[in-house]
Structure formats: C-alpha cells, structure tokens
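Within every chain, numbering begins at 1; the chains are lettered A, B, ... in the order of the sequence lines, protein sequences first and strands thereafter.
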Amino acid sequence: MASPLTMIGEFPEIAVDRKAHVAINAATRVFAARDGRSPLHALGPVSFDLRQGEFFSVVGPSGCGKSTLLDLVAGLSPATEGRVVFEDKEVKGEVPDGVAVVFQEDASFPWLTVFDNAAFGTRRNGLPESEVRERVDHALAFMGLTDFAKSYPAQLSGGMRQRVCIARAMVLRPRLMLLDEPFGALDQQTRLLMGEEMLKLWRETGSTVMLITHSIDEAVLLSDRVGIMSARPGTFIDIVETGWSRERGSETAMDPHYGALQSKVWGLLRTESLKAMGV
Amino acid sequence: MASPLTMIGEFPEIAVDRKAHVAINAATRVFAARDGRSPLHALGPVSFDLRQGEFFSVVGPSGCGKSTLLDLVAGLSPATEGRVVFEDKEVKGEVPDGVAVVFQEDASFPWLTVFDNAAFGTRRNGLPESEVRERVDHALAFMGLTDFAKSYPAQLSGGMRQRVCIARAMVLRPRLMLLDEPFGALDQQTRLLMGEEMLKLWRETGSTVMLITHSIDEAVLLSDRVGIMSARPGTFIDIVETGWSRERGSETAMDPHYGALQSKVWGLLRTESLKAMGV
Amino acid sequence: MSFRYRVVLLRSLVIVFSIVLLEVASRLGWIDPVSFIPPSEMALSAWRLLRDGTYQSDMLLTLSSAAVSIMLATSVGFLFGLVLFKLPRLRRVLDPLLMSYYAVPIFVFYPMLIVLFGLNRWPLIVLGFLFAIVAMAVNTLNGLQRVPQVLMRTARMLHMGRTQEVLLITLPASLPFVFTGIKLAIVYSFIAIIGGEFLLSGAGFGYQIAFAYNNFDNQTMYGLMFLLLTFIGVINLVLHAVEQRLYQRRVLKELA
Amino acid sequence: MNERAARQLAGPGNSGRAPLIDSVLLVGGLLLSWELASTVLGIEVLPSPWRTLVQLRHEFTSPDFGAHLAETSKAFFSALLLAVVGGIALGLVLGARRLAGDVMEPVLIALYSIPKISLYPIILLIFGLGISAKIAFGVIHGIIPIVIFTMTAVRNIRPVYMRCIRVHRLTPWQGAWHVLIPAAVPEIVAGLRIGFSLTLLGTLLGEMFASQRGIGHLLMLAIDRNNPPTIMALALMLFLFATAVSIALLQWDRRLRRGN
Amino acid sequence: TNLTVTHWADGMYGTPFAVAQEKGFFKEAGIDVTGFITSQGGGTTVRNALASDIPYGEVALSAAIAAIKQGVKLTIVHGGVLSLADNVWVAKKDSPLNSIMDLKGKKLGYSSPKSVTDMVSTIALSNRGILADVDRKAVGSLSSAYTALREGAVDVIYMTEPVLSREAENIKVVFKSGDEIPKLTQTVGIVRSDYLKKNPDTIKAIIEGRRKGVDYLLKNPEESGDILAKHYKIDPKIAKLAINDIMAAKGVYWSPGRLDYEGMNAMLKGLVLVKAIEEGPFDWSAIVDESLLPADQRSK
Ligand SMILES: Nc1ncnc2c1ncn2[C@@H]1O[C@H](COP(=O)(O)OP(=O)(O)OP(=O)(O)O)[C@@H](O)[C@H]1O
Ligand SMILES: Nc1ncnc2c1ncn2[C@@H]1O[C@H](COP(=O)(O)OP(=O)(O)OP(=O)(O)O)[C@@H](O)[C@H]1O
Ligand SMILES: O=[N+]([O-])[O-]
Ligand SMILES: [Mg+2]
Ligand SMILES: [Mg+2]
C-alpha cells in the first residue's frame, strides 16, 4: 500500500513533503517475558517516514531501542503492533529486496578475502561472475580498498573492516541502506572521516539512508534530518532538519550553524541520557 | 630544578604565564628496533609546561604518541632525549609521589570490592585504617559509588568501573592527575556526563590535570587549554586556550563560542587524522 | 536465576535416569548379568569394601602418591608456565609439542623410572607428575597471558615492589586460570597413577581393579570402580564449587 | 562459561609461527640432553638417540611389525573417525540447543576427568576382546574434548552472522555452508588437536591391556621383557607421528584464522 | 582359527601347540589352527578364550577356578602343565645364597599377592618351616622383579623359562620350585560349556592334536627347540636349553591329556592358603569332563 502519510505522530511540524520510501506507522516492539523476567517494552509507538533519498540519523540514549527500530525496518524482527511499509509492500518476517544493512559489530567474514567478502551477497544471488567482479571492483575502489582485495579481514584495522562491510552492502545496489552505528568502535576523528565516505556513497547511489549513531556530531554533520529518541521505550522527541546542501562534508563542521544545531540536539538529549543512565 | 620556562618550543605565543607544575623539555621517545622491525620514533621533540592547577587536554590522531607522552610524564617510561621535570625534580624511571594515573583500559581489580579497589593505593602507603576509610568513603560518595562499595567490578557497567579507577586515583590525593582516555569505551553522551564529574573533581581538589582524549567535544568543553598533536611522531601543532571560567559544565556546550572552538580544533586536526589513517 | 535451577534439576534428572536405566537393564537381564551388576549392588559392594577396610591400605597408597605428585606437578608446572611466559620464543617452538605430548602413553617409561627411582612408589608418582605438569604449565601460561598489561602499570603507579606486585596483582589476576591448571593437574595425576597401577604395579586402587577383573571377581571390581567414581565425582564437585567462587566475582554480569 | 570449559582442555593460545632456526635449536637441544641423560644414566637404562634410531629401523624391518602397525592404524583411524564425526555431531546439537548444552557440560567435564583405564574391563565385557574394544576405548578418550570444543564453537558464533544470513536471505543450507560452518571450523580444529592425541593414547592403552596385537601390545611386551631400546624406539615413533600431525593441525588452524 | 594359550611367547606351556601346528597334527586331527592368542594375566586369558571363535584355551588353573567360582560356565577338558619344572628362584650371580635354607633373614620377591608365585613361595617356605624368617615382597612382573634384584631391593626372585635359560649367565639358581612342591597343576584345557555340548568333536580334535605334539616333543627335543624358537621368535639355543631343563626335571611337565587330581588339589589348597579363594569344598566332578580324552588318559 502506498502511504503518503502527511501527518506523523506527535510532531505535526515535521510533516512529510516528499514521497515516503519507508513508512512506519504506530510501530511498537515488546519483548516477550522470558526466564522469569517480565515482558520488556523496548520501542514505540513510533510513527515516521523515511523520505525517498534522504539521509536520516537517529540518536538516543543507550538501550532506548534504536537497534530494535532498525530491526523492524529491516524486517529482521516483527513489530508487536503497528506496521512498516517499504515501497508499498508491508515488511513482514523477512528482509525485503533492495534493503542492505550494516551492523554495529564487525560482520566481515574472517575466512574470506576482502574481495570475496564484498562479493558475498551477489554471489548468492546468482549474478553472472563478470557483473559481480565489476560491481565489487567498483565498491572496493570507492571504499579505498582496492589494494587490499586479496587481504583477509584480520590483516585490516577495525575501520577498514567496517568499510569492507559497507562495500558488501553497496555491491547489492540497495535502495535503502540501514546502518547501525557502523563506526561505533572508532575514535571521533576517524568516525568523521568515515562519515564523509558515507556521504560520498549516499550522493553517488541516491539511495535512502538511515544511520543510527551515538555521536551527535556525526548525526548533525551528515544528515538531512536527525531523529532524537527518548529513553526506553524509545519514541521520537523531535526530528530536527539540518538544511545542509547535498554537497556537505566534514568542513561543514566549521559552519557556525553546525555548533548551534549540535547544542540543540545535545540539549534535547541531555535529560534523556541522564534518565537512561539512572543518574 | 625550578623551571619557570618562559618560552616553549615552536610556539612562542603560548608562553607560560603561571608557575609550571610539570616542564617537558625537548622530550622524544624512540622505541628500539625489535623482531626485525626498525626503530620507531613515536614522539617529539615536545616541549611544553603544565601550569599549576590547570586542566590540559591532548587530542591527536590514533597512534600519534599521546599515550607515550603520558608515560613520559608519569615516569612509566623514560624519554629517549630531553627531560621531564615535576615539582623541581627530574622524573626518571619511577612514578613520582603525588602523581596518579587513570588508564584507558579498565584497570579495576576484579577480585576486590569497589571499596577495596579504591583503598588499594593508600593501604600500600601505610596510612592508618581510619584515615583510609575516611578518604575512600569521600571518594566513593564523590563518584556516586557509595551504594556499590561492597559490589565487585563485574557487577558494574564500564562507566562505573572507570569511576572506581578515578576514585582509586583520587584517594591518593595526587597533585597531578594523568588521564589516558578514561572514557574511551563509553558513548558520547555518557562521556560528556562523566566529563562533568571530572570537572567537579578538578575544581574540588585543585590538582593539575592532563587528559588525553579522542573526542574534540570533550577536550574543548573541559579544558583550560587543548594541545593538538600531529601525526606520528607526535609534536604539538598548536595549543588552544578556551578561556572558560572555572565554573563550566556541559551546559557550556550551548555557548556559541564552543562551536567555534570545536571547528577550530577540528580544522587543525583534519589533515593530521587523514595522514594517520593513510587515506 | 530460575533458569539456572532448571538446568541443575535437569542435570540431576539425566544422571538419575541413566543410573535407573542401568539398574533396570541389568535387573531384567538386558545386559549380561555375568559381566555387569546393577548399580545398587555396586553401591552395596562398595559399602562392604569400605566397612571391611580390606582395601584401605591400597586406597591410602593411591591417595598419598597422588597427593605427592599433585604437589610436585602444580609447583613445578607453575614455574614451567612462568618460564614459557617469560620466553615467548621458547613458547612458540614448544607449541606443537605441548599437544602431541599427550599422545604417547607415558606408562611405557615405567621400567626406566624403576631403574631411576627404585622399586617403590616413586616411579608411579613421577608418572603422575609427568602427566600433569604440562597441563598445569599450559594453564599457568594461559593465565599469565591474560593478566592485563594495565594492571602492571597500575602497580608501578602505586610504587609497588616486585614481590608485592606478584602477590597482590599477578597471582590474584591469573588465579582463575592457574586454578584450572591445578584442577587439571589433580585430574591428570589421578589418571596416570591409577592407570599405572592398573597396567603395571602390584598395589593400589588401580591394581586392585585389574586384579579383581583378572579373578572374575565382579563384585569387588564394580565395588572398587564405584568407590573410585564416587571419589573422583566428589573431587570434581569440590573443584567445581571452588572454581565457581573464583569466577563468580568476575562473571556476575554474565550470569545476572 | 563454555569458552572456559573449552579452554581448560585446550593447549596454549596460538602464539604464532616459530622461526626455523628456533625449531632446529630446539631439536638439537633435545637430542643433546637426551644423549647426555643417556650417558649419565647408562645406555642400558636410557638408550641414546642413535641407538634408538637403530632400534627403530630394526623394528621396522622385523617381519610382523607391519601387521602390528596395521592393526593399530586400523583401530586408531576407526576410533578417530568415530570420535571426530560423533564428537562434532554431538557438539553441534549441544551447541545449538542451549539448554541441552548447559545441562550436559559439567557431566562431560566429569566424564573427562575419570581415569578411564580403570573402566576398561567394562569396555571389554561389552565389546569383547577384538578390535572393537580398542576402538571404543580410543573413542571415549578422544570424543569429549571434541564435543566440548564444537559446542563452544557453535555457541560462540557471533549473533551478527545470523543476522547476516537473514539480510542476505540465504536458505538454511546456504547459511550453514557459507557462514556457520566456516565460522565454527577454527575452534573445532583446536578441539581436534587434543582429540587426536587423546584418541591415540586411548587406542594404545587399550592395546596395552588385554590385547595380542598392535603397537600397544609391542610396548607392553617390551615393558615385560625389560627392553628399553624397543620402548624408546616405539615411543619416539609415536611422538614423531603425533607431533607431525599436531604441527599440521596447527598450520591448518593458523590458515583458518588468517593471521588473526 | 586361533587357539588361546596362556603365556604364549613367554612361557613353556605353548610348546606342544607349536609342535603340533608345525607338524600338522591339528590338521590330521581335523582342525585348522592358524595361530595362537594370549594375554597378560590369567583371568584375562580365560576371558580371551571364552570370547574366541572356538571358546577353548589352555589357561592357568587358578584363573579357571576363579572363573568357575564367579559362576562362569566352563568345563575342564584336559590337563596341561602338571609340574613346576619351569619355575625357579634365582639370585644375583655373585650372591652367597646356595639353597632355600639360606633365605633366612633375606628378602624374596614374588610377583603379586594371591598369585601363583605368592602361593609357591608360601608353600615352599612353610614346608621348610622358615616362612616367618623370610621377608617376602611383591615386585610385579618379571622385568620389574629382575630390576629389583639387580638394584638389590630383594635378594631372590622368581624366574620362569625361557627367560631363565636366556639369563643363565647372569644369575644363579637358589632353589627350584619343582623340588619343593613335586606336584602342582599349573594349566588345564577349558571350554565354554555350551559350546562343548554342541561341538565335542572340535575339542576332541584339539586334544588329539596337542597330544601328538607332546609325544613328538618328548621324542625330538632338539627339533622341537627349533620349532619353538621360530614361533616364539627367540634364539633356538635358548629354546633348546629350556626344553632340556624341563625334561631333566622330575615328574611330568606336559601332560598328554591326563588330569592330575593330586596336583589340582594342591593348587586349590594353595589358593586358599594365600586367600585367593575362600575355604570350602570343591567338587571337581561337576566341572571336569573326561569323556573327550583318549581312553588311555582318563582316570580309572
Ligand atoms: N531479544 C531481546 N529480548 C529481550 N530484550 C531485548 C532484546 N533485544 C533488546 N532488548 C532490550 O530492548 C531494549 C532496547 O534495545 P536496543 O538494542 O534496541 O537498544 P539501543 O538503543 O540499540 O541501545 P544501544 O545504544 O546500546 O545500542 C534494551 O533494554 C535491551 O536490553
Ligand atoms: N612498547 C612499544 N614498542 C614499540 N612501539 C610502540 C610501543 N608502544 C607504542 N608504540 C608505537 O608508538 C606509536 C605511538 O603509540 P601511542 O600508544 O603513544 O599512541 P596514541 O596516540 O596513544 O594512540 P591511541 O590514540 O590509539 O591510543 C604507535 O605507532 C605504537 O604502535
Ligand atoms: O583415562 N586414561 O587412562 O587416560
Ligand atoms: Mg544498538
Ligand atoms: Mg593511547
């Protein structure tokens, strides 16, 4: 079902003005009771759209349900209530075609070379080998990994391994990229540089990107919009438009508007983080 | 030797205007050749002073020699050339009295309770038990750990364990605190909250603090001065004065000057980080 | 928490069920009654052996030999582990040997040990020692390798001396792994000593089992086996409990 | 918890490849101390390396050595096959079923710590006196470490790999073949290293007690006839064989870990 | 098929079997014997025998008695070795000991408690009235016993043929068990009872073949030595020496089949003496079947 939802949840001011690529409608996720523990309401209800081709970031305190949200959108776990629609089809039980996911943890396969890692997804799809080779070469070149095509992940640094995973996702030519803190393990400076790669990728492919991150800088610097989540059960407190042009980069950090945006996001997050920490 | 050095290295504009607590004079560190690898020039030459009672942060790309610098200052490893003077005595071969170090890695002792962890350093010093108890109780209260005095580190989160290590350092009543990325493992929001604790501690004790960090926010928000290091072998490219009042906190992040400072530091670091990444 | 209790409960059920199955199978004659006797009779026979004290001296002999060999193996094995830790080059070349070491039945060296140590308990004790020492060394090494470097740096920050550092930091930090070594040393010493008695010697627990087997004395044989299994089981339980305590503080988070 | 269980049985961590020169030095050192020990203790107590090699040659050329070796090989390789296949299968099941694994793990460790040789009479009573008893004895020595390592390997498969399987929409068979098995293999190989040695030990022990054929029987005869050269020659042969396999497995292990 | 013979390759009990196989006596009797199996320890050999294709064996009488006491269904079908001619007690070459009486205050090593060597030494020393004066120690198998002797841990140990002939140069015989205890049955032929019922002819053939072996052996000791050496893989000289030693001793060593109840009862008494079995009546007739023996070998 096409869903040009025009009103979203509690925030009428962030009404959708472009075609929705993914529509999340009053989705919640409750983990069933287990081992004598009571059921856990992890997320929602959340309603929002990912616009066609936008770069959307999600920030929020630890454990607020960000990864849970990503799982719902990816079809990796079902919504307890509500629904998720991707390209007019409801997402249910399996990952839809055209969606790629990069996880927070290093998901490169240590038994495959960088090349074979990147080719992994397409090889399974029965694409002709020449096409695979072409796509992989391009993705590796793009991620600055051409020289390492024959290396194994263990020979690379953490950041390079994440680039391998991004290349693997890229090779699938996804229309929607979901990234769960892909640079969580890196230091701030390296993260920002990796962020620039992401931007380049996004510009080049024109796909929709949803990035989950712990870093406010990263979110503000890279996104068209930043969604700020409350402590668990996570809902969006606000969704902030940055107004950057498509041609942004890490130099944008020197724009004075950057500092202001950062202060705003941090202000919104502060109370939630304190809540989440139980301080 | 008292060292009111008035000129520092390549940067005459950051001449010392207060009494130097630690004076580092043209210090370098070269790691000897080993296992067929050639010798590695990791640091320097570096010359700068830590002023009495200041909060000094060091930022720099990965592997540029920040930890090496801290080791020199702490007396944990010797300078290959040059010298380090702490309170008029040259630092050589051992950690001087009055210096406490908090490491990047979790250094809590898993076999001791939080209380015993905090008391560990003083117990070795032969302080009377009542004095130990008083100091530890105070440090734990200060770090918000009173309720966990009888817990073991395994029962705490990573952030809380780092607080235990800080409490252990605090109990020593050091005149110089050296902190090597104490919050490296935490997410950005939690880091900033922990940073506030550090500020409180610094204000209360009046000791000199040198903080090594990967996070530009943290450095800018917390410090009197931020030293920016080049790629390896690390030297200071610049030392930036923030001009914050002593009563700063994470609200400071909303000060517009904060964004500007951040942009400046990031600008200085950008090329160095790219170099270090080998991109 | 309830999960853990369920696991313990299920485990007990599995064990009890196996014993009951054996009992029923042998009572109903599914297993040849000349070769196998029901567990209840084994227990009864074990009890009689204990009460009559016939094999008391053999048991004491085995126990005392094991005790000596365990003490030797743990202390020397610890030192060996320490040496391996300090000399990474040695460690690298020895790596394949540390595994293949256990493929050769060391019992074959018994005759030479007799010549070396005389015809007494020492050859067996040395067998136990040789079988256990490598396990102890390997686990000591493993433990030492796991002591985080940062704890050593902390020691220096706190102006601790060499001895203080070893006693207050290295040892407690590596203890869970060193303990695993001690545990294996105990197990391996018993395996070698009882095995040696079984194959070669003229006295002790293992010898008496082999002797009973040779004399078609199933009652005694199964009684002795029952005693041995109970004994090893109890040792295991105690070691497991100690180990749990050692680990507990470090893994509470995983268990919670 | 499980990783610990596995590590208890494991050797030292993979500490990298030793340079050739070190290996040469080690072998030289071992030979030298052996030679010295043999001089000190007397050549009739501990034959020298040379004497041992000569004896080994002699053993190899004696007419029925081949038959004994074949018997042991048959028993050992059958046992190894059973221990490996059975151990991996059981380990996979226990690894995949968390509850079953938690229930059985301490039981397995307890079984591991029994002096199994004292139970050999039972094995004989069940399997009779043929080759099957030796095989069974080899299997019960070697299978437990393989089970424990495999179980640990499966449990330690990182959850993110499961998610990868779903993201790439692999069938269960594809998932197992392309992701789960390659992910678990290095740990399993570590288990094989110790499983191999213990299976050999078990088979030989089986032959030493109540058997008429095989290397174990020859060893027992040599013990009974107080024949140190034969003992040393056979022990050396076993040790060299086990070490060669151990080195090969270690190399395989390193290859699988890709310089990790 | 294989036959089970105790101490094949390291005891003299197997000589008739080696000769019979070599000379084709088994084939003549109608049974195809291809080899022999054995194992350490008497009980194990009995179990071996009972588990074989032909559940027959010449085994230690003591082990057969133990098995019967445990309810194992087996039948004794012929006598094996009837004397202790292969069993002697030796000291080091330079030892001052010359006779059993010299053992007073000395140390004697037997294999293990309740074993035949335990029993033989107990009976011999008791007969001489010096049991209390001799310090007896268990020293394990022959090799460790020999080591103990060389190391001086004991003064005298047991030794059996053919090792005795091999080591003749290095040791000195102090006394012979056969001189102290003239009649003691060491081995008998046994069969699993159910098998015996169904296949009496097979067993008859074995007994027949073995008997021919004994007869030939006694007539041709030289050639038999060569045959034994070939089967046991030992030096022919030693094998011949061993056979000659045994033939020189008093009494019958290899029985052509006849059972010697006197020697069997001596064994029974000895086992009670060393507490290997409980005291009590023992009915030979229930477990012995003489019907398979050649007529001239049956007891009257
Ligand atoms: N499979 C599950 N079963 C039960 N509870 C779960 C499960 N997965 C997650 N949770 C809980 O749901 C809550 C939200 O988890 P989630 O992983 O989505 O948080 P997050 O925002 O991604 O946190 P982080 O920033 O630390 O990655 C947490 O309290 C977590 O413990
Ligand atoms: N003991 C040592 N021997 C040889 N080289 C070393 C040693 N310690 C550090 N180095 C090297 O010296 C350089 C500087 O290391 P250092 O740890 O000081 O960097 P850093 O700035 O603290 O890095 P990070 O931000 O990753 O903590 C690195 O290239 C490192 O590999
Ligand atoms: O049980 N073992 O004899 O090794
Ligand atoms: Mg998450
Ligand atoms: Mg560092």
Side chain, backbone, both or neither: which part of [X] has a non-hydrogen atom closer than 4.5 Å to chain C?
| X | answer |
| --- | --- |
| Asp97(B) | both |
| Ala74(B) | neither |
| Ser151(B) | neither |
| Leu178(B) | neither |

Around atom [atom1] of [X], are there more than 12 heavy atoms from other residues, nucleotides or ligands closer than 6.0 Å?
| X | atom1 | value |
| --- | --- | --- |
| Glu204(B) | CD | yes |
| Glu81(B) | CD | no |
| Gln149(C) | CD | no |

How close do [X] and [Y] get, heavy atom to heavy atom, and via which atoms?
| X | Y | result |
| --- | --- | --- |
| Ala107(B) | Thr154(C) | CB-OG1, 3.6 Å |
| Trp111(B) | Pro172(C) | CE2-CB, 3.3 Å |
| Leu172(B) | Leu158(C) | CD1-CD2, 3.7 Å |

Inset, instruction - Please confirm whether the backbone N or O of Leu76(B) pairs with a side-chain atom of Arg153(C), one donor and one acceptor, at under 3.5 Å? - result: no

Legend entry - Approximate separation, where rounding is to 0.5 Å, of Leu168(C) CG and Phe120(B) CZ: 5.0 Å

Legend entry - Spacing of CZ belonging to Arg156(C) relative to CD belonging to Glu94(B), to within rounding of 0.5 Å: 9.0 Å

